[in-house]
Amino acid sequence: MPHLLRHAAYWNRELWTLAFVPGHPWARVLASAAAHLHRCVQLRATALRGRTRPSYRVGCKRILLTSDYYPALRQPNVDVIAHGVKEIGPHTITATDDSRRPADVVVFATGFRVFDPPISHRINGTDGRTLAEHWGEGMTAYNNVTLPGFPNLFLLLGPNSGLGHSSLVLMLEAQLDYLLACLGHLERTGAQVIEATREAWRSYRRQLLDHTSGSTWATGCDSWYLDPRTGHNTALWPRPVFAYRNLLRTFRPQDHTLTRHPIS
């Protein structure tokens with residue numbers, strides 16, 4: 001029974017992908033209707049419904065899977081302000097409509113800065129440039145794990161490895177299997193260094209752009225999934241999880257460059 005429940009949960013989450021990718025408008029309508037119904041049931045006040053109504057497609061920003069969020073907005077000590085902040089004073093916040101409210105603590109919940117990870121400024125490639133410099137036009141990696149010019153570098157949960165619908169553990173498992181396949185290939189060949197070929201990396205990058213085109217994340221919404229320099233989705237995997245796991249299940253030696261360094 002636990003095995004069946006696990007599979008049921010997995011495929012239930014996988015079906016959500018249909019609402020995000022092109023070609024399944026009915027799935028987007030169903031997902032939007034479910035989210036709208038949930039909001040209407042939990043928010044009886046018309047004013048609150050209007051203030052919390054999204055102006056973008058479902059999935060365009062992170063989906064909050066909870067039954068506690070909307071009830072929290074109904075509490076007597078909570079106000080939902082639909083205006084921007086005009087000014088922050090010593091003890092008050094003034095909104096753009098000139099309304100003023102007392103404030104002791106201000107929390108900036110502005111999302112994540114995933115397109116420029118700090119570690120990328122500390123890793124140098126064979127050409128001397130940092131990983132951040134190579135990613136000046138957006139994060140990309142072959143199979144989301146390896147890059148040309150960065151031998152024996154393996155990224156776990158790196159570019160396009162995030163998910164908006166399922167568990168990251170599934171992605172991490174696939175990437176660890178790929179890493180072990182690379183190490184196994186090194187052992188079989190007697191080489192000491194492995195990296196993705198530039199051709200394989202470029203081909204994979206084109207495929208990702210093709211899959212992202214027409215998806216929910218490319219409809220003009222603003223989220224931390226998108227690199228502000230290019231507008232491209234460099235954070236999320238734009239396909240079902242099983243597609244990624246199938247992709248990494250087969251190791252392709254022709255997509256990798258090996259180097260044999262003499263052992264000193």
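- For the pairing with Leu155, the side-chain contact (heavy atoms from CB on, under 4.5 Å) check across Leu147, Ile119, Asn143, Asn144 returns one residue only, Leu147.
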Could you walk me through whether Ile93 and Arg101 pass the side-chain contact (heavy atoms from CB on, under 4.5 Å) test, one step at a time? CA-CA 5 Å; Ile93 293 180; Arg101 289 168 176 79; 5.5 Å; no
Yes or no on side-chain contact (heavy atoms from CB on, under 4.5 Å) for Thr146 and Ile194, after CA distance, side-chain angles and deciding distance? CA-CA 9 Å; Thr146 59; Ile194 187 170; over 6 Å; no
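- One finds the OG1 atom of Thr250 at 12.5 Å from the OH atom of Tyr178 (value rounded to the nearest 0.5 Å).
- Evaluation of the salt bridge (charged side-chain N to carboxylate O under 4.0 Å, His left out) rule for Asp222 yields no partner, not counting sequence neighbours.
- One hydrophobic cluster holds both Leu176 and Met171 under the rule that ILVMFWY side chains link at heavy-atom gaps under 4.5 Å.
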Kindly determine whether Ser32 and Arg57 satisfy side-chain contact (heavy atoms from CB on, under 4.5 Å), including the steps that lead there. CA-CA 8 Å; Ser32 299; Arg57 286 187 187 178; over 6 Å; no
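- In the hydrophobic cluster analysis, where Ile, Leu, Val, Met, Phe, Trp and Tyr join through side-chain heavy atoms closer than 4.5 angstrom, Ile123 is grouped apart from Leu156.
- Contact detail for Tyr225 and Arg62: the closest heavy-atom pair is OH-CA, 3.1 Å.
- Nearest approach of Asn152 to Gln192, heavy atoms of both residues: ND2-O, 3.0 Å.
- Judged by distance alone, the side chain of Ser203 and the main-chain N or O of Ala200 form no donor-acceptor pair under 3.5 Å.
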Go through the steps to decide whether Trp26 and Leu18 satisfy the test side-chain contact (heavy atoms from CB on, under 4.5 Å), and finish with yes or no. CA-CA 9 Å; Trp26 58 270; Leu18 300 179; 3.9 Å; yes
Given ring pair (Phe, Tyr, Trp, His ring centres under 6.0 Å), test Phe20 with Trp237 step by step and report yes or no. CA-CA 11 Å; Phe20 307 148; Trp237 171 247; over 10 Å; no
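- Side-chain N or O atoms of Asp227 include one that pairs as donor or acceptor with a backbone N or O of Arg229 at under 3.5 Å.
- In this structure, the side chains of Gln175 and Phe154 stay at 4.5 Å or more apart for every pair of heavy atoms.
- Side-chain contact between Ser223 and Trp217 is absent, with no heavy-atom pair separated by less than 4.5 Å.
- Annotation: side chain of Pro238 is not in contact with side chain of Val21 (no heavy-atom distance under 4.5 Å).
- For Glu137, the CD atom is loosely surrounded, since the number of other residues' heavy atoms within 6.0 Å does not exceed 12.
- Using a distance-only test at 3.5 Å, with no hydrogens or angles considered, a donor-acceptor pair links the side chain of Gln75 to the main chain of Pro71.
- Here the side chain of Asn246 pairs a donor or acceptor atom with the backbone of Phe242 at under 3.5 angstrom.
- Every residue two or more places apart in sequence or in another chain was checked for a ring-ring contact (aromatic ring centres under 6.0 Å, His included) with His36, and none qualifies.
- Each of Leu209 and Val114 belongs to its own hydrophobic cluster when Ile, Leu, Val, Met, Phe, Trp and Tyr are linked at side-chain heavy-atom distances under 4.5 angstrom.
- Rounding to the nearest 0.5 angstrom, the gap separating the CG atom in Leu258 from the SG atom in Cys182 is 9.5 Å.
- Counting heavy atoms of neighbouring residues, nucleotides and ligands inside a 6.0 Å radius, atom CZ of Arg100 does not exceed 12 of them.
- Considering every non-hydrogen atom in both Thr216 and Gly59, the closest pair reads CG2-C, 3.6 Å.
- Taken together through direct or relayed side-chain contacts under 4.5 Å among Ile, Leu, Val, Met, Phe, Trp and Tyr, Leu30 and Trp11 form parts of separate hydrophobic clusters.
- The backbone N or O of Asp210 lies less than 3.5 Å from no partner atom in the side chain of Thr212, so there is not a single donor-acceptor pair.
- In this structure a side-chain-to-backbone donor-acceptor pair under 3.5 Å is present from Thr189 to His185.
- Side-chain contact between Trp135 and Thr234 is absent, with no heavy-atom pair separated by less than 4.5 Å.
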Run the side-chain hydrogen bond (donor to acceptor under 3.5 Å, both in side chains) test on Tyr142 and Glu195 for me, step by step, so that the C-alpha distance in whole Å, both residues' side-chain angles and the decisive distance to 0.1 Å come before the verdict. CA-CA 9 Å; Tyr142 173 73; Glu195 61 185 276; over 6 Å; no
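- With rounding to the nearest 0.5 angstrom, the CD atom of Glu199 is 9.5 Å from the CG atom of Asp255.
- Contact record, Arg245 with Ala174: CG-CB, 4.0 Å, taken as the closest heavy-atom pair.
- Counting heavy atoms from C-beta on, the side chains of Pro117 and Met139 come closer than 4.5 Å.
- Atoms CG and CG, from Leu43 and Leu48 in turn, are 5.5 Å apart once rounded to the nearest 0.5 Å.
- Using a 4.0 Å cut-off between charged nitrogen and carboxylate oxygen, Asp177 and Arg249 do not count as a salt-bridge pair.
- Pairing each heavy atom of Thr130 with each of Ser120, the nearest pair is CB-O, 3.7 Å.
- For Asp127 against His134, the heavy-atom pair with the smallest separation is OD2-NE2, 3.1 Å.
- Not a single donor-acceptor pair under 3.5 Å links the side chain of Arg74 to the backbone N or O of Arg44.
- Counting heavy-atom neighbours within 6.0 Å of Arg122 CZ, excluding the residue itself, gives a total of 12 or less.
- Side-chain contact check for Val145 versus Leu179: every heavy-atom pair is 4.5 Å or farther apart.
- The shortest distance between side-chain heavy atoms of Arg39 and Tyr70 falls below 4.5 Å.
- For Gln254, the CD atom is densely surrounded, since the number of other residues' heavy atoms within 6.0 Å is greater than 12.
- Heavy atoms of other residues, nucleotides or ligands lying less than 6.0 angstrom from CG of Asp104 number 12 at most.
- For the atom pair Leu248 CG and Glu173 CD, the distance stands at 12.5 Å (nearest 0.5 Å).
- Under the 4.5 Å side-chain contact rule for hydrophobic residues, Val241 and Tyr204 share a cluster.
- Of the inter-residue distances, the one linking Arg239 atom CZ with Ser215 atom OG reads 12.5 Å to the nearest 0.5 angstrom.
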Thr140 vs Trp201, side-chain hydrogen bond (donor to acceptor under 3.5 Å, both in side chains): CA-CA, chis, key distance, verdict: CA-CA 8 Å; Thr140 56; Trp201 168 72; 3.0 Å; yes
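- Between Thr219 and Cys60 the shortest side-chain heavy-atom distance falls below 4.5 Å.
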